[in-house]
Amino acid sequence: MTKPSLLILPGDGIGPEVMTEVRKIIAWFGENRGLEFNVSEDLVGGCAYDAHGTPLHDDTMAKAQEVDAVLLGAVGGPQYDDLDFGLKPERGLLRLRKEMDLFANLRPAQCFDSLADFSSLKTEVVSGLDIMIVRESTSGVYFGEPRGIFEEGNERVGINTQRYTESEIDRVARSAFELARRRNNKVCSMEKANVMESGVLWREIVQKVHDSDYPDVELSHMYADAGAMQLCRWPKQFDVIVTDNLFGDILSDTAAMLTGSLGMLPSATLGPVMPNGRPKAMYEPVHGSAPDIAGQGKANPIACILSFAMALRYSFDQGAEADRLEQAIETVLGDGARTPDLMGPEGGTPFTTAQMGDAILNALGSSI
Ligand code: IPM
Ligand code: MG
């Protein structure tokens, strides 16, 4: 059998450091669980711009289209702030999402028991929290035309366009309902149907998909601003939240913070199912490139390692091995391992990025 292929794109800032730990984990599964991958590596973001003058070289894009899954670290850095829009590191990431047609961005917000005290919200509000945000990620205001900064009379006007077709809403709604069936069977759809036509259509189509094909799933609708408020008030009321690209960007950062640290949260961005039965897929931590701590061994590799766990689950049908990896992380945190982002005011000696990776490897070793 040919080995499944993985393209690793470490990117910028802390991306390469956290990816070093993921490579160790990938190697462990190869040596100990017979899960071998054909791993290749390339550039994305600022480092690709430095090397090639573009945040994503066409050859890299072509490779990403061919592999079974892409694993991405993070992109961006202050030295790229003044670049033209089309050359910014973020464009590399957006091009991958768009050209691979990765329309369903799955962003779980799960609170590890040992970190419940660490949230800025009360422990009872977040302990045991397990929600999944499904963010549409190939359309909406991120990509809608017209866009740009134009002259209008004697001043300029900045324009972006929120645009959703029925089929774009339909397919992401289906992803959310399918996921909900494997979880707690509830979907809350968020938009601004009170002020936006795209929101009116969003609500109508989500309801239609529900009524025709997923009547067994509990569906509710909420305006996105009220949703943000409810996420902070009582997040455990939610199971799956489905929303558009921009609201999803904001709501997923909010949800992430409920869990205590952005350094903990993985994501999967899935596209159409390929003839081999696997979805087009890219896995990446929700956190950014954190240039302020890059290169200092301070980054938390857990979000990126958990992103690999999502790859095991969603691309490679290895749910039990994904559980094993998540359990190893739970164990290590339960034992008190903390990177600086997870340190409370009581202090202590934090783990370096590499020590956290090694601790997880150790816990994996004890799991077999
Ligand atoms: C995210 C990020 C990206 C986005 C940026 C880096 C383009 O914030 O993945 O949430 O806005 O989608
Ligand atoms: Mg974001």
Side-chain angles (χ1 to χ4, degrees), residues 9-16 18-19 43-49 54-56 61 64 70-109 131-144 147 158 160-164 168 172 190 224 227-228 231 241-259 261-271 281-292 294 299 303-304 306-307 310-311:
L9 302 174
D12 307 319
I14 60 170
V18 296
M19 204 55 95
L43 303 175
V44 67
C47 60
Y49 174 78
T54 163
L56 188 73
M61 186 66 240
V70 176
L71 207 55
L72 186 139
V75 295
Q79 66 271 45
Y80 307 109
D81 281 354
D82 296 331
L83 284 180
D84 271 358
F85 224 68
L87 297 175
K88 283 186 190 293
E90 290 78 3
R91 297 310 298 178
L93 176 58
L94 295 176
R95 182 175 173 201
L96 283 161
R97 286 182 189 157
K98 186 69 178 175
E99 292 191 20
M100 292 170 74
D101 203 18
L102 304 174
F103 61 86
N105 184 199
L106 278 44
R107 299 194 155 183
I131 61 184
M132 176 73 87
I133 296 189
V134 181
R135 165 192 178 189
E136 199 291 325
S137 43
T138 51
S139 185
V141 76
Y142 271 59
F143 297 99
R147 66 181 297 161
N160 292 90
T161 303
Q162 166 83 335
R163 179 179 190 278
Y164 271 107
E168 285 168 342
V172 75
M190 296 187 187
L231 264 176
I241 292 172
V242 63
T243 189
D244 76 16
N245 207 346
L246 183 60
F247 293 140
D249 183 41
I250 297 165
L251 293 170
S252 63
D253 268 24
T254 308
M257 213 48 221
L258 303 176
T259 69
S261 169
L262 214 49
M264 297 293 299
L265 291 181
S267 78
T269 319
L270 307 179
M282 177 162 73
Y283 299 87
E284 56 179 309
V286 171
H287 64 67
S289 58
D292 52 323
C304 203
L306 284 171
S307 301
M310 290 188 90

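In each ligand, atom 1 is the first atom listed, and ligand 1 is the first ligand listed. Not measured: the values here are computed from a predicted model.
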Quiz prompt | side chain to side chain donor-acceptor pair (under 3.5 Å) partners of Y49, counting only residues at least two apart | solution = none
Quiz prompt | With sequence neighbours excluded, residues passing side chain to side chain contact (heavy atoms under 4.5 Å, CB included) with L96 | solution = L9, V44, L56, M61, A64, L72, M100, M282
Self-check item: Steps toward side-chain contact (heavy atoms from CB on, under 4.5 Å) verdict (L94, F143)
Solution: CA-CA 9 Å; L94 295 176; F143 297 99; 4.2 Å; yes
Kindly indicate whether the side chain of [X], heavy atoms from C-beta on, has any atom under 4.5 Å from the side chain of [Y].
{"X": "R107", "Y": "L265", "answer": "no"}
{"X": "P55", "Y": "K88", "answer": "no"}
{"X": "N245", "Y": "R135", "answer": "yes"}

What are the atom names and distances for all N or O pairs under 3.5 Å between ligand 1 and the protein?
unit_1, atom_1, unit_2, atom_2, d
ligand 1, 8 (O), D249, OD1, 3.3
ligand 1, 9 (O), R97, NH2, 2.7
ligand 1, 9 (O), R107, NH2, 2.7
ligand 1, 10 (O), R107, NH1, 3.0
ligand 1, 10 (O), R107, NH2, 3.1
ligand 1, 10 (O), R135, NH1, 3.2
ligand 1, 10 (O), D249, OD1, 2.8
ligand 1, 11 (O), Y142, OH, 2.5
ligand 1, 12 (O), R97, NH1, 2.8
ligand 1, 12 (O), R135, NH1, 3.2
ligand 1, 12 (O), R135, NH2, 2.8
ligand 1, 12 (O), Y142, OH, 3.4

Quiz item: Would you find a donor on one side and an acceptor on the other, under 3.5 Å apart, between the side chain of D244 and the backbone of F247?
Solution: yes
Quiz item: Do side-chain atoms of S307 reach the backbone of E284 as a donor and acceptor pair under 3.5 angstrom?
Solution: yes
Quiz item: Near the Mg ion (ligand 2), which protein N/O/S atoms are found at less than 2.8 Å?
Solution: D249 OD1
Self-check item: Donor-acceptor side-chain pairing of Y142 and D249 below 3.5 angstrom
Solution: yes
